Amino acid sequence: MVSGLQYAFNQNQRGRLQIDAYITLVEPGETKEEDVKNGVIATVEPIGRDEFVAAGQKGMKARHKFDVWANEYNGEQEVEFDGRRLTIYRSYGPKADGKIELYAGERAGNV
């Protein structure tokens with residue numbers, strides 16, 4: 001685990017705020033001790049209105065979109081970010097830049 005990593009703030013081409021942060025991709029095991037964790041650097045972007053609505057139709061409350069390198073993502077089902085464990089409910093990619101978009105949120109009844 002990387003300790004003391006600070007968030008790096010920047011703006012994308014559309015002027016939207018992006019945060020580069022350390023996240024942990026998690027493949028849940030039978031118990032928490034058996035979870036397989038993979039720490040990666042991701043670009044964190046806010047969820048747009050359309051995605052928020054689409055997630056709601058799946059019974060999810062969208063929280064974040066993470067851009068990670070496609071070769072670092074192995075189909076994990078959860079992500080730990082900012083002290084919370086979120087469910088990855090949708091992925092998109094890999095894109096031309098070699099990254100994959102991961103959309104994460106919480107079950108609508110758990111928020």
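It should be emphasised that the depicted structure is a prediction, and the values quoted were computed from it without experimental measurement.
Annotation: side chain of Val68 is in contact with side chain of Ile100 (closest heavy-atom distance under 4.5 Å). Leu102 is not listed as a side-chain neighbour of Lys65, based on a closest heavy-atom distance of 4.5 Å or more. Within the 4.5 Å cutoff, the side chain of Gln77 has heavy atoms near those of the Pro28 side chain. Looking at Glu106 and Arg84, their side chains come closer than 4.5 Å, going by heavy atoms from C-beta outward. A 4.5 Å side-chain heavy-atom check between Phe66 and Val79 finds at least one atom pair inside the cut-off. Looking at heavy atoms from C-beta onward, Lys37 lies in side-chain contact with Glu80 at the 4.5 angstrom threshold. Residues Asp67 and Glu45 meet the side-chain proximity criterion, which asks for heavy atoms closer than 4.5 Å.
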Run the side chain to side chain contact (heavy atoms under 4.5 Å, CB included) check on Val40 and Trp69 step by step: do they pass?
CA-CA 9 Å; Val40 299; Trp69 292 106; over 6 Å; no
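A salt bridge does not link Arg90 to Glu101: none of the charged nitrogens lies less than 4.0 Å from a carboxylate oxygen. Salt bridge annotation for Asp82-Arg63: absent, with no cationic side-chain nitrogen under 4.0 angstrom from a carboxylate oxygen.
Counted within 6.0 Å of CD on Glu30, heavy atoms from surrounding residues, nucleotides or ligands total 12 or fewer; the atom is thus considered open.
A side-chain donor-acceptor contact under 3.5 Å links Asp35 to the backbone of Gly29. The backbone N or O of Asn74 lies less than 3.5 Å from a partner atom in the side chain of Glu76, making a donor-acceptor pair. No donor-acceptor distance shorter than 3.5 angstrom exists from the side chain of Asp20 to the backbone of Val44, with no hydrogens or angles considered.
The aromatic rings of Phe81 and His64 sit perpendicular to each other, their planes meeting at more than 60°, with 30° as the lower class boundary.
The two residues Tyr89 and Ala62 have their closest heavy-atom pair at OH-CB, 3.4 Å. Annotation for Glu78 and Ile88: closest pair O-CD1, 3.8 Å, computed over non-hydrogen atoms.
Met60 is connected to Phe52 through a chain of hydrophobic side-chain contacts under 4.5 Å among Ile, Leu, Val, Met, Phe, Trp and Tyr, so both are in one cluster.
Atom-to-atom distance recorded for Thr87:OG1 and Lys61:NZ is 14.5 Å, nearest 0.5 angstrom.
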